[in-house]
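Single-structure report; data block below.
Here is the naming used below: chain letters follow the sequence lines, and residue numbers restart at 1 for every chain. The analysis underlying the following values was restricted to heavy atoms, covering all of them including side chains, and did not include hydrogens, waters or symmetry mates.
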2 protein chains.
Amino acid sequence: MHPEQPADRGPSASRGPRLTDHKGPTARDVARLAGVSASTVSRVLNDSGTTLISPSTCERVRAAAAELGYSPHPLARALRGKHTQLIGLIAREIEDPFFAHFISTLSTQARALGYQIVLGHAQSDPSQALQMTAVLDARHCDGVLLLGDLRDDGAATEEILRQRRAVLALCRGQSPGPIPTINTDNRHGMRLLLDHLYTLGHRRLAFINGGWLGDIHERREAFLEYSQLSGLEVTPDDIRTDSNNLDGGYRALVELMQAPRRPTAVLASDDVMALGALKAALDLGLRVPADISITGFDDIEMARFTSPALTTVRQPVEAMSRQALAWLMRLIQGELPSEAEQAATVPPALVIRQSTGPAPR
Amino acid sequence: MHPEQPADRGPSASRGPRLTDHKGPTARDVARLAGVSASTVSRVLNDSGTTLISPSTCERVRAAAAELGYSPHPLARALRGKHTQLIGLIAREIEDPFFAHFISTLSTQARALGYQIVLGHAQSDPSQALQMTAVLDARHCDGVLLLGDLRDDGAATEEILRQRRAVLALCRGQSPGPIPTINTDNRHGMRLLLDHLYTLGHRRLAFINGGWLGDIHERREAFLEYSQLSGLEVTPDDIRTDSNNLDGGYRALVELMQAPRRPTAVLASDDVMALGALKAALDLGLRVPADISITGFDDIEMARFTSPALTTVRQPVEAMSRQALAWLMRLIQGELPSEAEQAATVPPALVIRQSTGPAPR
DNA sequence: TCTGCCTTTGCCAGCGCTTCCAGGTGCAGG
DNA sequence: CCTGCACCTGGAAGCGCTGGCAAAGGCAGA
């Protein structure tokens, strides 16, 4: 048996320079090349308006920086300047198309403002959200956005507040908590749907929802309240709670149809559950909307592409995102949230498609 | 007109302490409280195995740290230690359910390894990808993952490589480039679909795809190659290129059906386009699969929930993600990629559902 | 009792950047 | 010719952390 020969082609992985040992050029390097000091480099590159630099020096520094491909070390700069240009985003979900779209929108708009999104994915798990707050540390992100409600995330919320940080919540319902919040007007959205269905002659309604999360809870309460206002009888059997996903919607509708008193219309707490319910209805041989009407909430893109296309309520994602970022910028600037701004509500819009129709018979 | 009175309730926003001025406790603070030096605090909290700290000191430091709620400043630590525990992820898309699922999976697995994902959203725009590389700086992220192919992202790629960083690409097709890549075996996937359709008696096939991106390109080439191997005639009209989304799939199928020579089966380059195509077929009054078979690629969750459910090929997301992270960890550790590991391919699986059936007539 | 070693801890430098402060130059006015 | 004032620029400190080096203390062996 031959003793193992050390590899001979180039530096071995364990001995050679590590990939990550690579250091970019520093301000000192640029300074040396330009024949100035590091502080001058910093001033030139930051346009420090207070002090003027002579045009020639300015030019020389820029040339040197360009030649070396220099860009300031983001960590060092942040450590010094207290700004990271990063926004932490803790999202309840990311695979849900509604959230995906929201994240995408936020990301685009944030970039336009010179910020990046650091995505913390809570996976519908409050303990992970808490863990996230540790990572999306006050000192790592200039601000934090919370997207979607998490059950029992009180601890996470407290932790964030303890750090006295710029933080804003989205789509978590009008929580009584101390975090400024932006919501779709969930009650109004449900109202639009109920009016629509009532006008179509539906009197037996059911609601399927995905748990007791803040905004979902609001929709459920609004459903109950407005049904009763309209004189509709709603029994506990008419409300079904299941997982907040396609399978959950599917199961919930199957169960509803096994009950003795079948609804003529089913409202889902969100589009994803509605798509699951739609599939279930079709699998059961029901015609939609001839036999049963189905509605969603959110208006995800897929809602246009089912057969039949889904009647739903559109959440104003663009507007909410824009407002959230504008607001967060001000918090980051140091403005304290005024009382009046603790909660904002943006109106949704009814989108009528083919999954709703006149009540049968 | 009264002169405006300065607000009098509490410190005004512009004068008061800024929200972001808040400083957490530092190692010095802990040291002072525990009656030791800052370096001792550092050693205790980092379990620096080399030097032992007396149990009593250890205890005192931990108590002090707990009391102050101290955690080391991530930026300072990273600046010193050269590790940020952050992985940059530049994704071609985030709203596409396949990518959303992939991102979610990566995020979960990365967290288990002690890393966070910083999401850079390229929005199918190569110039944004380049911009991302600047943000997801070598010094900001320990490593970078590229998810999905971007047309003409050569500049971005070069920039990343110039920084000699740990970087890995996913789902971009077997590019000849110098970046290690992990791919689904797209050719094999297409082969499975074609065999399936051929067995069902289909002889007139069409392909709709969303552009000339790497992995999509591979699928298209495989479609062409295997069709010809099977003796099928494929004309340019049988291949339609449109946007890589639901609308694109819809339009592509409508156009296909306007052609004189209608296919009996349509293969889409991914599930999203397939869903659009499915909707179009149903809108045109076609029965699926009686009149036309439709297949996708990816196996997103929604594929199970259309009516009829979509026959497709499942990409092994879990496995690819796991392999990508394991590999990236080693790159971050400093191992240089070996020649053999420049490209890995993971086999996909055929998932037969209801959108495919025997060829008509 | 003294020497020497080992354990435990503190000091200090420095990661790369920004910014206050002070110093140096040039030019105009006295 | 000297003084003063702009205007530019360099020096140095320090953000919070880590790690090498060395010193202080304790104890055992001679």
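Remark: B:Thr40 is in phosphate contact with C:dG10, judged by side-chain N or O atoms under 4.0 Å from OP1 or OP2. The side chain of A:Arg80 contributes no N or O atom lying less than 4.0 Å from OP1 or OP2 of C:dT19. Not one side-chain nitrogen or oxygen of B:Ser42 sits closer than 4.0 Å to the OP1 or OP2 atom of D:dG19. Residue A:Thr57 places at least one side-chain N or O under 4.0 Å from the OP1 or OP2 atom of D:dT9.
Residue A:Leu79 contributes atom CG, which lies 17 Å from atom P of C:dG14 at whole-angstrom precision. The distance between atom CD1 of B:Ile53 and atom P of D:dG25, rounded to the nearest whole Å, is 17 Å. For the pair B:His73 NE2 and D:dT18 P, the computed distance is 12 Å after rounding to whole Å. In this structure, A:Gln85 places its CD atom 16 Å from P of C:dC17, rounding to the nearest Å. The distance between atom CD of A:Glu59 and atom C1' of D:dC8, rounded to the nearest whole Å, is 17 Å. As a whole-Å value, the separation of A:Arg28 CZ from D:dT9 P is 19 Å. What separates CG of B:Asp29 from C1' of D:dC17 is a distance of 13 Å, to the nearest Å. The CG-C1' distance, from A:Asn46 to C:dG16, rounds to 13 Å in whole Å.
Here A:Val36 lies in heavy-atom contact (under 4.0 Å) with sugar-phosphate atoms only.
A:Ser54 and A:Thr57 share a donor-acceptor pair across their side chains, judged by distance under 3.5 Å alone. Using modelled atom types and a 3.5 Å distance limit, the side chains of A:Thr108 and A:Thr105 yield no donor-acceptor pair.
Remark: A:Thr26 engages A:Arg28, A:Asp29 in a side-chain contact (heavy atoms from CB on, under 4.5 Å) (not counting sequence neighbours). Residues that satisfy the ring pair (Phe, Tyr, Trp, His ring centres under 6.0 Å) test with B:Phe102, not counting sequence neighbours, are B:Phe98.
The side chain of B:Ser37 approaches C:dG10 more closely than any other nucleotide in the set D:dG10, C:dG10, D:dT18.
The base of D:dG20 lies close enough to the side chain of B:Arg43 for a donor and an acceptor atom to sit less than 3.5 Å apart.
Between B:Ser39 and B:Ala76, the residue anchored closer to the 5' end of DNA chain D is B:Ala76, taking for each the nucleotide with the nearest heavy atom.
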Quiz item: Passes side-chain contact (heavy atoms from CB on, under 4.5 Å), A:Thr181 versus A:Leu170? Steps please.
Solution: CA-CA 6 Å; A:Thr181 305; A:Leu170 289 157; over 6 Å; no
